[in-house]
Amino acid sequence: MSFDTLGLSAELLRAVAEEGYSKPTPIQSQAIPIILEGRDVLAGAQTGTGKTAGFTLPTLQRLSAAKPTGKYRPVRALVLTPTRELAAQVAENIETYGKYLPLKSTVVFGGVSIGPQISRLRKGVDILIATPGRLLDHVSQNTVDLSRVEILILDEADRMLDMGFIRDIRKLIALLPKQRQNLLFSATFSSDIKLLADSFMRNPALIEVARRNTAAELVDQVVHPVDRNRKREMLSHLIGKHNWRQVLVFMRTKHGANRLSEQLEQDGISAAAIHGNKSQGARTKALADFKQNKVRVLVATDIAARGLDIDQLPHVVNFELPNVPEDYVHRIGRTGRAGNEGQALSLVCVDEHAFLRDIERLLKRDIAKVTLQGFEPDPSIKAEPIVLGRGGNKPGGGGNRKSHNAPARRPKAAQPRFNGQNNGNSNGSRRSPAHTGQRGR
Ligand code: AMP
């Protein structure tokens, strides 16, 4: 299968060829022809599958084929994403693939001043990429007109629901013309997603590429058992020994991410932290420095890492395992993208064994355990409860799925959590917007 057979225009094929893509990914070869027909699509695809090009290319083609009459350029395609980073990423993709087409796009999200967004919108754009909160701000200020939208795209819809955007999404959908094409992309098809899809989609084509939670297949995964207070030493050792130049490190909390990044700097390893308490400018700069190899280590929390697309990221390290097993899959999906092999290492201490069991259950396989010489865990050290939200830091999310044993993160700060044994206590609010600090605004 080649791109030429999908029905895309010469302008788009040229842009794709310049990106160096030799053939479409499965989501692209399945979704593109159907979207070009004008049908609604409900697609199960995770990041890393090439889903963005899967909806961007046919959307650009449809918009360029039918130009609106008159001088005024109304928003004709609207892409909603859960996070600012993902919005920026999608916008970048649209610019790239649409560079030979006379279409205009812009992105709006919170955390930056609204003024420049208003003037860009006023000039007229064909495609608008937005996080729901900031878009509603524009709606309430009357600085955007959504009454001419022909194509609605919900990207990472499951995350938007997890982050509590359902009401915002419904409000926005109510502002759109009834007659339109709807595309919904989601890593998972929960009953909430199905309910949402049923509420606004018309006989959608169902496309599911990678099965749920199989993003990991190209990724070489290893667990290094280690004592809790030797993790940092182990990380510095691994970075130095292998001379890693670009490592993405995951922490459970913002506070932990800040502290680790400072400690790595003290060890002489350049590092930056990225999480929801940082200003948008600081997050963008940290990511740019990391991409340009100015910092070796980017320390991230789960929510901040959503949507990060760093080409061929070779190493992901779980300095702390996530207590929501699905987050593990998202984390390691940052490496081994689009056919490149990657490596995901998890530094696991005795406190985290229950988290590891949950993750292995979700993956339906064991992860190899490799004890590093000189870092053999001390068997006399007993498991301690994992405290989330220490030091005024709020949990980055929680788990409300009944399938895992690890208890949910609680919205309250400084609340002792988890003894590794207790079960069935998973009713915390997952990614409650009030506690993420980045609400997609
Ligand atoms: P996504 O799943 O949309 O986040 O895309 C993941 C990565 O795959 C991005 O870095 C894209 O540039 C890349 N990509 C998208 N389509 C292709 C393709 N057909 N061949 C190779 N890489 C691709």
Side-chain angles (χ1 to χ4, degrees), residues 1-8 12-33 35-36 41 43-61 77 79-99 105 107 127 129 153-160 183-188 207-219 246 248 287-288 290-292 298 300 304-314 316 329-342:
M1 167 75 77
S2 88
F3 273 104
D4 304 0
T5 60
L6 296 178
L8 293 171
L12 290 168
L13 290 175
R14 187 171 161 205
V16 164
E18 283 178 14
E19 285 306 290
Y21 304 163
S22 51
K23 57 180 190 345
T25 65
I27 186 73
Q28 292 162 2
S29 54
Q30 292 181 58
I32 291 172
I35 299 174
L36 286 176
V41 168
Q46 295 172 321
T47 48
T49 54
K51 68 181 169 69
T52 318
F55 64 74
T56 301
L57 291 167
T59 297
L60 286 165
Q61 173 139 335
V79 186
L80 295 179
T81 75
T83 63
R84 301 164 187 172
E85 279 81 10
L86 185 61
Q89 212 102 64
V90 171
E92 225 175 83
N93 275 264
I94 289 178
E95 288 286 321
T96 304
Y97 303 132
K99 64 180 159 189
S105 61
V107 56
I127 307 167
I129 306 100
I153 299 155
L154 301 188
D155 192 14
E156 301 202 354
D158 51 347
R159 275 288 146 145
M160 288 202 273
L183 313 175
L184 185 152
F185 284 74
S186 181
T188 56
I207 301 174
E208 197 160 10
V209 286
R211 271 167 300 125
R212 193 179 152 192
N213 305 322
T214 54
E217 272 153 22
L218 272 165
V219 181
Q246 214 182 29
L248 180 61
L287 184 59
F290 184 61
K291 283 185 170 184
Q292 292 162 18
L298 187 65
R306 287 293 296 183
L308 291 189
D309 178 16
I310 301 145
D311 282 344
Q312 303 185 19
L313 190 62
V316 166
V329 179
H330 289 301
R331 288 179 178 191
I332 69 168
R334 306 293 110 197
T335 180
R337 313 200 82 193
N340 298 305
E341 285 194 17

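Just the heavy atoms: all of them, side chains too, but no hydrogens, waters or symmetry mates, feed the values below. Atoms within a ligand are numbered from 1 in the order they appear, just like the ligands themselves.
Some N or O of Lys23 is nearer than 3.5 Å to an N or O of ligand 1, by distance alone. Polar contact with ligand 1: absent for Tyr97 (N/O pair, distance under 3.5 Å). At least one N or O atom of Gly50 sits closer than 3.5 Å to an N or O atom of ligand 1. Considering backbone and side-chain N/O of Ser22, none are found under 3.5 Å from N/O of ligand 1.
For Glu156 and Thr81, the side-chain atoms include no donor-acceptor pair closer than 3.5 Å.
Atoms of ligand 1 found under 4.0 Å from any heavy atom of Thr25, numbered from 1 in the order shown, are 17 (C), 18 (C), 19 (N). Atoms of ligand 1 lying under 4.0 Å from at least one heavy atom of Thr52, given by number and element, are 1 (P), 3 (O), 4 (O). Each of the atoms 19 (N) of ligand 1 lies under 4.0 Å from some heavy atom of Phe3.
Note that NZ of Lys23 and CG of Asp4 are 14.0 Å apart. Values are rounded to the nearest 0.5 Å. Separation of atoms OH (Tyr97) and CD (Glu92) is listed at 10.0 Å; rounding is to 0.5 Å. Taken from CG in Leu12 to CG in Leu57, the straight-line distance is 5.5 Å, to the nearest 0.5 Å.
Selection from Phe185, Phe55, Tyr21 by nearest heavy atom to atom 11 (C) of ligand 1 gives Tyr21.
Considering all non-hydrogen atoms of both residues, Ala15 and Thr96 come closest at CB-O, 3.7 Å. When every heavy atom of Ala31 is checked against every heavy atom of Ile207, the shortest pair comes out as CA-CD1, 3.5 Å.
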